[in-house]
Q: 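If you scroll down you'll find the structure; I have some questions about it.
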Amino acid sequence: MLDPAFIRKFPDVVRKGFADKGESGELDWYLQLDKDHRAVLTEKEQVAARQNQLSKLIGMKTGKGEDSTPERAEADGLKAALKLLEERDSVLKQDKLRIQMRMPNLAADDVPVGKTPEDNTVAATWGEKPTFDFTPKPHWEIGAGLGAFHAETAGKISGAGFSLMTGPLAQLERALWNYMLDLHTREHGYTEVAVPYMVKEHALEGCGQLPKFEPEMYRMKDDDLFLIPTAEVPLTNIHRQEILAGERLPIRYCAFSPCFRREAGAAGRDTRGLIRMHQFHKVELMVYTTPEDGDAEQMRIRTNAEAVLRNLKLPYRVLLLCTGDMSVNSRRTWDLELWAPGVGAWLEVSSISTFGDFQARRSGIRFKRAGKTEYVHTLNGSGVALPRLVIAILENYQRADGSVVVPDVLRPCGPPAALGPLRGLMKPTLRVPPCGQLRRSRPGRCVVARTRFESA
RNA sequence: GGAGAGAUGGCUGAGCGGUCGAAAGCGCCGCAUUGCUAAUGCGGUGUGGGGGUUAAACCCCACCUCGGGUUCGAAUCCCGAUCUCUCCGCCA
């Protein structure tokens, strides 16, 4: 939500900002409503002030045992007019608010103006794309080769857009989120939060997911709850309607959570493999800070998220999104994209945004310093999203024999040095091999899991 | 699922038709005092909106969870919603 006083004072700046994002923001309608509303407000307040005067007078006279008939008569006469004005006030206020909640945020000055992803700029690249003396496979083939990726089984249970991973892949994913949480909490100063995965409507409104992205949301109709599309939602709502002590800032949270997205506009896109899922896991970073520290904190989140990718030695690039490609709520967004040689594409694993006071206004999150109350700035970024991270590891670290080297930093989290093909898995029945354990097949048993250990 | 209790300012907690935006305490800010730390005394200290001003001062309206109602007048009475807590039952 934008500052109403700012909209009123600088309508042309706002109009330009909306246009850059490819939105009208219904600005002209809003400005007209605002004008009408203030006229009604002035009138209403005058009548209310008179009524308050009379009521006090009646109270005093009654206390002294004096007659207050004329005052009562006048006050009585005011009632109908006041009620009418109050109704108009409330209607106009609601109309204004509805538009305000749909208005996009204004982009920061350093964000390139543009319409499509082609207008994004590459802010940084890191690492070298790996070279192979064989044709690198896409992750679904690698996963299937490991006997650990089961698209059909997931489809049988939940339909398209869901994944089911067993043994080494399930373990790899778990090791990754463990690793990321440890890194962010121990080295980057975030407080880990275990959040609810279902939230109320107002929580989504506060972040800006609603009303705009309602088609993207899974909703529990009977309970009027939504499945979270990201842990940003519960994290940003932790301090909803609070006035924080200034010295508490910045507050840095991280959380692991599943994320649920209907992907309503993306049907038929990225249907194979793990690239686009209705449900996926993610470690999220979220910061509340002061207006002047907002930009530095955004860079800090970026550095923290990049640390994950660097430590895993995965090639990536950083995009500064243009006005037209970034989220309507954001002031500035960097995307981290991992290189996936198997599918031959850059995959977004983190979107690092600063919202300025946009979310804070919607959610009523303020702080107090030197006797003044101000809105906080909120920021977040993934640190990072899991399925695409798994993809990048499989595809970057694959070897000709179908095995996959596991990055060193994950070793303390459980996985072996390499993930090797599992053999003897009975199909179509799913048998889950023990995680990363070297286990010899036993005669007479149908479950055989042999994970080959090979030095990298 | 059944029964009950409650929701007041940054926090704790009074008030239960009229000078109540709301006692008191804590916290916070300022001043005074004080070898240091600590303590003490005095004063101040909510939020949003509209008007006003170069900026203030100032004026007005609203806000005691939210939404309705009764009344000249509601934190206070009535109805509804939401949330929290306690007990019983059921259950991972």
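First the proteins, then the strands, lettered A, B, ... as listed; each starts at 1. Note that these values count all heavy atoms, side chains included, but never hydrogens, waters or copies made by symmetry. This one's a predicted model, so the numbers in the text were calculated from it and none came from an experiment.
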Q: Provide the Watson-Crick or G-U wobble partner of G4(B), both distances under 3.5 Å; none if there is no partner.
A: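 Paired with G4(B), as far as the under-3.5 Å criterion goes, is C85(B).
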Q: Among U47(B), G51(B), C72(B), which nucleotide has an atom closest to any side-chain atom of I243(A)?
A: U47(B)
Q: Pick the C1' atom in C28(B) and in U12(B), then give their distance to the nearest Å.
A: 15 Å
Q: Measure from the side-chain N and O atoms of K21(A) to the backbone N and O of V328(A), and report whether any donor-acceptor pair falls under 3.5 Å.
A: yes
Q: Mind calculating the distance between NE2 (H239(A)) and C1' (G10(B)) to the nearest angstrom?
A: 14 Å
Q: Would you call E214(A)-R219(A) a salt bridge at under 4.0 Å N-O?
A: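 A salt bridge links E214(A) with R219(A).
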Q: Which is true for K83(A) with a 4.0 Å heavy-atom rule: it touches a base, it touches only sugar-phosphate, or it touches nothing?
A: sugar-phosphate
Q: Which base sits across from C64(B) as a Watson-Crick or G-U pair, both distances under 3.5 Å?
A: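 Matched C64(B) with nothing under the 3.5 Å cut-off.
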Q: In this structure, how many angstroms lie between the P atom of U47(B) and the CZ atom of R240(A), rounded?
A: 20 Å
Q: Could you identify the nucleotide paired to A57(B), looking across every strand shown and requiring Watson-Crick or G-U wobble geometry with both distances under 3.5 Å?
A: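 Here A57(B) is not engaged in any pair, so there is no nucleotide opposite it.
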Q: For G35(B), give the paired nucleotide (Watson-Crick: N1-N3 plus N6-O4 or O6-N4; G-U: N1-O2 and O6-N3; both under 3.5 Å), or none.
A: none
Q: Using the P atom as the reference point in each nucleotide, state the distance between U34(B) and G41(B) in Å, no decimals.
A: 16 Å
Q: Could E242(A) and R366(A) be called an ion pair, given the rule that one side-chain N must be under 4.0 Å from one carboxylate O?
A: no
Q: Partner lookup for A22(B), please. Criteria are Watson-Crick or G-U wobble with both distances under 3.5 angstrom; report none if nothing qualifies.
A: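 The base-pairing partner of A22(B), which may sit in any strand shown, does not exist here.
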Q: Atom OG of S353(A) and atom CD of E232(A): how far apart are they, to the nearest 0.5 Å?
A: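 Here the rounded value is 7.5 Å.
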Q: Could I get a table of every N or O pair under 3.5 Å where one atom is in the protein and the other is in nucleotides 18-20 of chain B?
A:
unit_1 : atom_1 : unit_2 : atom_2 : d
G18(B) : N2     : S55(A) : O      : 3.0

Q: Under 6.0 Å between ring centres, would you say that holds for F256(A) and H184(A)?
A: no
Q: Could you tell me whether the side chain of E216(A) and the main chain of R261(A) form a donor-acceptor pair under 3.5 Å?
A: no
Q: Determine, for nucleotides 52-65 of chain B in 5'-to-3' order, which nucleotides have protein heavy atoms under 4.0 Å from the base (write B), from only the sugar-phosphate (write S), or from neither (write -).
A: --------BBS---
Q: Could you tell me how the ring of W177(A) sits relative to the ring of H281(A): parallel (under 30°), tilted (30 to 60°) or perpendicular (over 60°)?
A: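 Perpendicular: the ring planes of W177(A) and H281(A) meet at over 60°.
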Q: Indicate whether the side chain of R50(A) and that of Q53(A) have a donor and an acceptor atom separated by less than 3.5 Å.
A: yes
Q: Without decimals, in angstroms, what is the distance between K96(A) NZ and G50(B) P?
A: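 Taking NZ of K96(A) and P of G50(B), I get 7 Å after rounding.
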Q: By nearest nucleotide on RNA chain B, pick out whichever of R8(A) and K200(A) is the more 5' one.
A: R8(A)
Q: Show which side-chain atoms of residues 198-211 of chain A pair as donor or acceptor with protein atoms under 3.5 Å away, not counting sequence neighbours.
A:
none

Q: Report the base-pairing partner of A75(B) (Watson-Crick or G-U wobble, both distances below 3.5 angstrom), or none.
A: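 The answer is none; no pair meets the criterion.
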Q: Give the nucleotide from the list G49(B), U47(B), C72(B) with an atom nearest to the side chain of L41(A).
A: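 The nucleotide sitting nearest to the side chain is G49(B).
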Q: In whole Å, what separates the P atom of U8(B) from that of C66(B)?
A: 11 Å
Q: Going by distance alone, is a donor N or O of one side chain under 3.5 Å from an acceptor N or O of the other, for H377(A) and T354(A)?
A: no
Q: When rounded to the nearest Å, what value does the distance between P atoms of U65(B) and C59(B) take?
A: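 My reading of the P atoms in U65(B) and C59(B) gives 28 Å.
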Q: Expressed as a whole number of angstroms, how long is the span from R248(A):CZ to C11(B):P?
A: 12 Å
Q: Side-chain N or O of R366(A) less than 4.0 angstrom from OP1 or OP2 on U47(B)?
A: no
Q: Answer yes when D34(A) and R38(A) have at least one side-chain N-carboxylate O distance shorter than 4.0 Å, and no when they do not.
A: yes
Q: For a quick check of understanding: with a heavy-atom distance under 4.0 Å over all strands, which category does T373(A) fall into, base, sugar-phosphate or nothing?
A: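 Sugar-phosphate: the residue T373(A), judged by heavy atoms under 4.0 Å, touches backbone atoms but no base.
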Q: Now, which nucleotide makes the Watson-Crick or G-U wobble pair with G9(B), with each of the two distances under 3.5 Å?
A: none
Q: Using the C1' atom in both, what is the distance from C77(B) to G15(B), to the nearest Å?
A: 15 Å
Q: Is C90(B) paired to anything, Watson-Crick or G-U wobble with both distances less than 3.5 Å, and if yes, which nucleotide?
A: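 Pairing partner, where one exists within any strand: none, as none qualifies.
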Q: With a 3.5 Å cut-off and no angle check, do the side chains of H37(A) and K93(A) form a donor-acceptor pair?
A: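 Judged by distance alone, the side chains do not pair up.
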Q: Rounded to whole angstrom units, what separation is found between the CD atom of E242(A) and the C1' atom of G9(B)?
A: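 Rounding to the nearest Å, CD of E242(A) and C1' of G9(B) are 15 Å apart.
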Q: For A75(A) and A5(A), find the nucleotide of RNA chain B closest to each by heavy atoms; which residue's nucleotide sits nearer the 5' end?
A: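 Taking each residue's closest nucleotide, the earlier one in sequence belongs to A5(A).
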Q: Give me the distance, rounded to whole Å, that separates G4(B) from C42(B) when you measure between the P atoms they each carry.
A: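 Comparing P positions in G4(B) and C42(B) gives a spacing of 49 Å.
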Q: Say we look at C63(B) and G21(B): how far apart would their C1' atoms be, to the nearest angstrom?
A: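 Their C1' atoms lie roughly 9 Å apart.
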Q: Between L85(A) (CG) and G50(B) (P), how many Å, whole number?
A: 18 Å
Q: Without decimals, in angstroms, what is the distance between L97(A) CG and G48(B) C1'?
A: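 To the nearest whole Å, that distance equals 13 Å.
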Q: Looking only at side-chain N and O atoms, does K79(A) come under 4.0 Å of OP1 or OP2 in G69(B)?
A: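 No, because none of the side-chain N or O atoms of K79(A) sits under 4.0 Å from OP1 or OP2 of G69(B).
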Q: Measure the distance from CD on E87(A) to C1' on G68(B) and round it to the nearest whole Å.
A: 12 Å
Q: In whole angstrom, give me the gap between the C1' atoms of A3(B) and C72(B).
A: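 About 41 Å, rounded to a whole number of Å.
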